[in-house]
Amino acid sequence: MSLLALQLFNASTVLGAMPGSERRPASLLRAEGVTKSFALPGGGRLDVLRDIDLDVREGEIVALLGRSGSGKSTLLRILAGLIQPSEGRVLYRNRPVRGVNPGVSLVFQSFALMPWLDVLGNVELGLEALGMEPEERRRRALATIDLVGLDGFEQAYPKELSGGMRQRVGVARALAVEPDVLLMDEPFSALDVLTAENLRGEILDLWTEGRIPTRAIVVVTHNIEEAVLLADRIVILGTDPGIIRAELPVSLARPRNRRSSTFIGLVDAVYKLMTNPQTMLEDVIGPAQTAPRAVSGPQLSRLPEVRPGAMIGLVELLDEHGGRADLYQLADELSIEADTLLSSVDALVLLGFARVEEGDAILTDAGISLARADLQGRKVLFREALMDHVAIVRRIVAALRAKADGRLPAEFFLDQLERTFSEAEARTQLKTAEQWGSFAELFEYDPDRDEFVRSDLVPSPTV
């Protein structure tokens, strides 16, 4: 790990210990060797998670941070007992979890409220499932509703509430059963920025002031700044398959000042880890975790789900920044999520238009040429990059050239992709390849016939 990371992440700090405590906090929830796999239509298996070892201890907030497709939400549902692992096990208070975990509650991203129940009825749902008597159930539900700031809205229905208020109901429902561990799956991502900021702060206040009986919180997020704001420990997941790349203690005192140099340094350090997966992976957890995923059949690299226009827009921005920009600062400048920016950066790196060093995106010579070319010049550069670096595009082009009429059904290519990806992901990957190839004028997609067509056979549009 770099000197900067060592300075920022004080690994000797005992995380989660209550004031005055000298003992190691008790383990509440633990994943041991958890792997989750799904069968592929073309044979073989796809590991979404592999060999996950995670210990959640009393008194800490753990943030699961990773890119889209890293298995964060799947891991959370395995911890909750809603999904069973393919291998490994989950323990709650050192006892194996079989079925739904009795010690946790889950707050969903999509609110997941029952539209036919009012606020009180929704909050009482979990208590009713526990077999609690109606009088005690009502008393506890009302107290929790008041705790989350919904006093006076007990008889309101979800359709009558704003997004922030609906999520408060979801939080109240989870807290009412007094879980040892509160699991939250991107609980603020569906809210506007101000509402998310307020609700995040209120939940953190409830936690730090000891006004809830919950002993630990695990929150899934793709927002790096949110992870640093909330967590005592950040667990970074890699992708393809989801593995734990690093566990980083955060010893900043609360409340945390996001404008402080230390906070900014922490965020920047996490960006560096997430944008340099190979180098930093070996630095943090060693090369043993870098084995390829266990799937059979020919392998194809995953394409970032980014449109060509988004890539070119980022190239132009980087060129205006002198060809190099700090990713954290650029995301803040553009007011976009890390996932969105990093996907665009991944695409540029894949195509040879950029590279990443120490958390900075840097244009290559090809990237500079792309930024300064006219539209036709950009199409030529894009075409050359696709043929050099993207296997699925090369396969589509070669197959269409080999076909006398220059046409092939989309299913032909989906079958190849499904040997590596799930059915849904294969369709997403083919759509991305179609967008890239169409921009480069290598081929077109005919939606009426669900076919790919060589570009030279597509009639030019009439003016």
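Since this is a predicted model, take the numbers as computed values, not measurements. We use all heavy atoms of the structure for the numbers below, so side chains are in, but hydrogens, waters and symmetry mates are not.
- Contact record, E418 with A426: CG-CB, 3.6 Å, taken as the closest heavy-atom pair.
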Given side-chain contact (heavy atoms from CB on, under 4.5 Å), test L442 with M387 step by step and report yes or no.
CA-CA 9 Å; L442 287 167; M387 295 301 290; 4.1 Å; yes
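- Not one N or O on the side chain of R245 forms a donor-acceptor pair closer than 3.5 Å with the backbone of I236.
- Using a 4.5 Å cut-off on side-chain heavy atoms (C-beta onward), F353 and L318 make no contact.
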Could you walk me through whether D180 and L29 pass the side-chain contact (heavy atoms from CB on, under 4.5 Å) check?
CA-CA 9 Å; D180 267 354; L29 187 59; over 6 Å; no
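- Side chains of E225 and Y328: a donor-acceptor N/O pair is present below 3.5 angstrom, by distance only.
- Heavy atoms only, all atoms of each residue included: G71 and V48 are closest at CA-CG1, 4.1 Å.
- No side-chain donor-acceptor contact under 3.5 Å links R407 to the backbone of V453.
- Looking at R67, its side chain never comes within 3.5 Å of a backbone N or O of G238 through a donor-acceptor pair.
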Begin with the C-alpha distance, continue with both residues' side-chain angles, and end with the deciding distance and a verdict on side-chain contact (heavy atoms from CB on, under 4.5 Å) for R168 and L161.
CA-CA 10 Å; R168 287 174 192 271; L161 303 175; over 6 Å; no
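- Salt bridge absent: R57 and E247 never bring a charged side-chain N and a carboxylate O closer than 4.0 Å.
- The NE2 atom of H222 sits 11.0 Å away from atom OG of S70, with the distance rounded to the nearest 0.5 Å.
- Contact of the L330 side chain with the Y271 side chain is not registered, since no non-hydrogen atoms from C-beta on lie closer than 4.5 Å.
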Evaluate the criterion salt bridge (charged side-chain N to carboxylate O under 4.0 Å, His left out) for residue pair R307 and E434; output intermediate values, then yes/no.
CA-CA 10 Å; R307 294 176 181 272; E434 179 261 311; over 6 Å; no
Take V148 and V169, measure what side-chain contact (heavy atoms from CB on, under 4.5 Å) needs, and give me the verdict at the end.
CA-CA 8 Å; V148 300; V169 178; over 6 Å; no
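- Counting heavy atoms from C-beta outward, F439 and I312 have side chains that approach closer than 4.5 Å.
- Annotation for R395 and F413: closest pair O-CE2, 4.2 Å, computed over non-hydrogen atoms.
- Here D388 contributes atom CG and L350 contributes atom CG; the two are 11.0 Å apart, rounded to the nearest 0.5 Å.
- Put simply, OG on S73 and CG on L106 are 9.0 Å apart, with the number rounded to the nearest 0.5 Å.
- Expressed to the nearest 0.5 Å, how far CZ of R30 lies from CG of L54 amounts to 10.5 Å.
- In this structure a side-chain-to-backbone donor-acceptor pair under 3.5 Å is missing from R89 to E32.
- Looking at heavy atoms from C-beta onward, Y157 lies out of side-chain contact with V119 at the 4.5 angstrom threshold.
- Two residues are said to be in side-chain contact when any heavy atoms from C-beta on lie closer than 4.5 Å; L230 and T221 fail this criterion.
- For V97 against G99, the heavy-atom pair with the smallest separation is CG1-O, 3.3 Å.
- In terms of modelled atom types and a separation under 3.5 Å, the side chain of W436 and the main chain of V306 share a donor-acceptor contact.
- Atom CG of D365 has 12 or fewer heavy atoms from other residues, nucleotides or ligands within 6.0 Å.
- Annotation for L28 and A216: closest pair CD1-CB, 3.8 Å, computed over non-hydrogen atoms.
- Taking 4.5 Å as the limit, every side-chain heavy atom of T195 sits out of range of all side-chain heavy atoms of S162.
- When atom types are taken as modelled, the side chain of D47 and the backbone of R50 share no donor-acceptor pair closer than 3.5 angstrom.
- No side-chain heavy atom of I234 sits under 4.5 Å from any side-chain heavy atom of I224.
- Judged by distance alone, with hydrogens and angles left aside, the side-chain atoms of D232 form a donor-acceptor pair with the main-chain N or O of I61 at under 3.5 Å.
- Here CZ of F382 is found 12.0 Å from CD of E441. Values are rounded to the nearest 0.5 Å.
- In this structure, a donor-acceptor pair under 3.5 Å is absent between the side chains of E333 and Q329.
- Side chains of W207 and L182 form no contact here, defined as non-hydrogen atoms less than 4.5 Å apart.
- Evaluated for a side chain to side chain contact (heavy atoms under 4.5 Å, CB included) with R427, the options Q429, E423, E425 yield exactly one hit, E423.
- Under a 3.5 Å cut-off, the side chain of R302 and the backbone N or O of T239 do not form any donor-acceptor pair.
- Of the possible polar contacts, none joining the K72 side chain to the L64 backbone as a donor-acceptor pair under 3.5 Å is found.
- Here the closest non-hydrogen pair linking P187 and V220 is CD-O, 4.1 Å.
- Between the Q167 side chain and the F108 main chain, a donor and an acceptor come within less than 3.5 Å of each other.
- For the atom pair NZ of K379 and CG of L370, the computed distance is 11.5 Å after rounding to the nearest 0.5 Å.
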